[in-house]
Amino acid sequence: MMTSTKLNAPSATPLLAWYDRHHRDLPWRVSPPMAAHGVRADPYRVWLSEVMLQQTTVQAVKPYFADFLARWPTVRDLAEATNDDVMAAWAGLGYYARARNLKKCAEAVATHHDGVFPDTEDGLKSLPGIGDYTAAAVAAIAFNRQAAVMDGNVERVISRLYAIATSLPAGKPLMKQKVALLTPADRPGDFAQAMMDLGATICTPKRPACSICPFRGSCEALRLHDPEQFPVKAAKKERPVRRGAAFVAVTADGEILLRRRIASGLLGGMTEVPTTAWTSRADGETSADAAPFPAQWEPCGSVIHVFTHFELRLSIYRTAIPSRIQTDDKWWEPVTNLEAQALPTIMKKAIATAIPLAFAMPKG
DNA sequence: TAAGCGTGGTA
DNA sequence: TTACCAAGCTT
C-alpha cells in the first residue's frame with residue numbers, strides 16, 4: 001500500500017555530524033575538533049574573512065585574505081594603515097565600499113573599543129560595514145554566541161527544508177525565525193559554518209545532491225520532488241548599456257596619467273585613467289574630444305565590463321608625449337608601479353588595452 | 001523597500 | 001554564449 005513519506009523534524013544534530021566529517025578547511029577557520037576543545041578563531045580574522053566573503057566566492061577571497069593578514073596581522077595594524085594602501089590591496093575584489101568601511105571599522109575598534117572587537121551582535125552591528133549577517137556570523141563563530149546566521153546559502157537551505165514559497169526578500173523574516181529555532185546553544189558557530197558549507201557543496205542552487213544530504217529525511221522540498229524551485233526570488237531587471245571613452249597618456253619616461261575617483265559611489269576612492277562620463281545616451285560622448293589635454297589621441301580598442309547594474313563599453317584612446325603635461329587633480333605614475341595602485345579591474349583592462357605589457361613590466 | 005554597488009567562475 | 005550567481009551593506 002502506498003503511504004505518504006513521513007518527515008522527521010529538522011534538527012541540528014545530523015548537520016553537525018555531517019560537518020564534523022565533511023567540513024571545508026579554510027584559512028580563517030578553526031576545525032571542529034579544535035573548536036570542540038574551546039579554541040575560537042581570532043575575531044579579527046573572522047571579521048576580515050566575512051567582509052571579504054560578502055557576495056564574493058571563497059576562491060576569490062583566499063589570496064586577498066592571506067595578503068591582508070600578512071600586511072596587517074591585527075586590527076590595530078589595519079587601523080594604522082593608509083587608506084591608499086588598503087584600497088590598493090583590495091583592488092580587484094570589488095564592492096569597494098567594503099574596503100572603505102573595513103578601514104573605518106578597524107579605526108573604530110582601535111579607537112573606541114581598545115582594539116578588541118565587541119562580542120555581541122548589537123555591538124558588532126554598530127560598526128561600519130557590519131550588517132545583520134556579518135554581526136551574527138562573527139558573534140557565533142568568534143564568540144560562540146547563539147546567533148542566527150542568515151546568508152544566501154542559509155536562505156536556500158532553509159527555504160527548501162521548510163518549502164517556503166514566499167519570495168525573497170519578503171520571505172526572509174520567516175526564514176530567520178526558522179534558523180533561530182534550529183541554531184543550537186552548544187555549537188552555534190559550527191552550525192552556522194555547517195549551514196554555509198552545506199549550501200555551498202550539497203544544497204546548491206542547481207542540481208543539489210539531496211541523496212547525500214544530512215537533511216534528506218527532513219526536507220519538505222525534497223519530499224515535493226523539486227528542491228530547485230526554492231528559494232523563490234523576485235524577477236531580475238535588465239541591465240542597461242552605458243558608453244564612454246578612456247584616455248591613456250604615457251610620457252617618454254614611462255609615466256601614465258592617473259586620477260582619483262570621488263570617495264563615494266561607483267568605484268569610490270579608487271584610481272582611474274581619465275575618462276568621459278559614462279552615459280546611457282545613444283549620442284553619448286565616446287570620442288577623443290573630451291580628452292584631458294590636446295594631443296594626438298589614437299583609438300586603440302575597446303573594453304566591455306559588466307557591473308552589477310549596467311554594462312560599460314569604453315572606447316580606449318592613447319597618446320605618447322615627450323614629457324609631462326601639467327594637469328590639475330591628476331598625477332603621473334611610473335607604469336612600472338601600477339601594481340601598487342588602487343586600480344579596479346575595469347581600469348586595468350583599459351590600461352592593458354592601450355599598453356599591452358603594462359602589467360607585465362619588471363619593477364624599477 | 002528598492003536601488004546602487006564589482007568581479008570572476010560556471011553551466 | 002548568455003545568464004546566473006557568491007559568506008550583503010548602505011542609503
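Just so it is clear: chains get the letters A, B, ... in the order the sequence lines come, proteins before strands, and each one is counted from 1.
- Nearest-nucleotide assignment on DNA chain C puts the 5′-proximal partner with A:E50, out of A:E50 and A:G129.
- A:D151 places its CG atom 14 Å from the C1' atom of C:dC9, with the value rounded to the nearest Å.
- Residues A:Q54 and A:Y133 bring no donor and acceptor atom of their side chains to less than 3.5 Å of each other.
- Following rounding to the nearest Å, A:Q59 (CD) and C:dA6 (C1') show an atom-to-atom distance of 11 Å.
- At whole-Å resolution of the value, CG in A:L48 and P in C:dG8 are 15 Å apart.
- Across all strands shown, A:T134 has heavy atoms under 4.0 Å from sugar-phosphate atoms exclusively, and none from any base.
- A salt bridge links A:D114 and A:R76; the closest N-O separation between the charged side-chain nitrogens and carboxylate oxygens is under 4.0 Å.
- Against DNA chain C, the stretch residues 20-39 of chain A makes heavy-atom approaches under 4.0 Å through A:R24, A:L26, A:W28, A:R29.
- Of all the heavy atoms in A:A79 and A:A106, the pair that sits closest is CB-O, 3.5 Å.
- Look at CG on A:L53: it is 15 Å from C1' on B:dG8, rounded to the nearest Å.
- Whole-Å rounding puts the A:I130 CD1 to C:dG8 C1' distance at 12 Å.
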For the pair A:L338 and A:F359, evaluate side chain to side chain contact (heavy atoms under 4.5 Å, CB included) and give the outcome as yes or no after the intermediate values.
-> CA-CA 7 Å; A:L338 286 179; A:F359 297 97; 3.7 Å; yes
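- Relative ring orientation between A:F247 and A:W297 is described as perpendicular, the plane-to-plane angle rising above 60° on a 0-90° scale split at 30° and 60°.
- Expressed to the nearest 0.5 Å, how far OG1 of A:T166 lies from NZ of A:K172 amounts to 14.5 Å.
- Defined by atom type and a distance below 3.5 Å, a donor-acceptor pair is present between the side-chain atoms of A:R29 and A:Q193.
- Counting to the nearest Å, the C1' atom of B:dT1 and the CG atom of A:L168 are 14 Å from each other.
- Atom-to-atom, CD of A:E311 to C1' of C:dA3 comes out at 13 Å; the value is rounded to the nearest Å.
- When the P atom is compared between C:dT11 and B:dG6, the two are found 14 Å apart, to the nearest whole Å.
- A:T56 and A:R98 are linked by a side-chain donor-acceptor pair at a separation below 3.5 angstrom, with hydrogens and angles left out of the test.
- Atoms CZ (A:R239) and P (C:dC5) sit 12 Å apart, rounded to a whole Å.
- Within residues 182-208 of chain A, the residues that place at least one heavy atom under 4.0 Å from DNA chain C are, in residue-number order, A:M196, A:P205.
- Ionic pairing of A:R223 and A:E220 is present here: one or more N-O contacts between side-chain nitrogen and carboxylate oxygen are shorter than 4.0 angstrom.
- The aromatic rings of A:F65 and A:W28 sit perpendicular to each other, their planes meeting at more than 60°, with 30° as the lower class boundary.
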Kindly determine whether A:H305 and A:F307 satisfy ring-ring contact (aromatic ring centres under 6.0 Å, His included), including the steps that lead there.
-> CA-CA 6 Å; A:H305 190 78; A:F307 291 101; 4.8 Å; yes
What N/O pairs connect the protein and nucleotides 2-6 of chain B at under 3.5 Å? Give each pair on its own line.
| from | atom 1 | to | atom 2 | distance (Å) |
| --- | --- | --- | --- | --- |
| B:dA3 | OP1 | A:K237 | NZ | 3.0 |
| B:dA3 | OP2 | A:K237 | NZ | 2.9 |
| B:dA3 | O5' | A:K237 | NZ | 3.1 |
| B:dC5 | OP1 | A:L266 | N | 3.3 |
| B:dC5 | OP2 | A:H309 | NE2 | 2.3 |
| B:dG6 | OP1 | A:Y96 | N | 2.8 |
| B:dG6 | OP2 | A:L267 | N | 2.5 |
| B:dG6 | O4' | A:Y95 | N | 3.0 |
| B:dG6 | N7 | A:Y95 | OH | 3.4 |
| B:dG6 | N7 | A:T308 | OG1 | 2.4 |
| B:dG6 | O6 | A:Y95 | OH | 3.1 |
| B:dG6 | N1 | A:Q55 | O | 3.0 |
| B:dG6 | N2 | A:Q55 | O | 3.1 |
| B:dG6 | N2 | A:T56 | OG1 | 3.0 |

Carefully, step by step, assess A:L78 and A:V109 under the rule side chain to side chain contact (heavy atoms under 4.5 Å, CB included).
-> CA-CA 10 Å; A:L78 186 57; A:V109 171; over 6 Å; no
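- The gap from the P atom of C:dA6 to that of B:dC5 amounts to 22 Å, rounded to the nearest Å.
- Along DNA chain B, the nucleotide nearest A:L343 and the nucleotide nearest A:A170 are compared for position; the residue whose nucleotide lies closer to the 5' end is A:A170.
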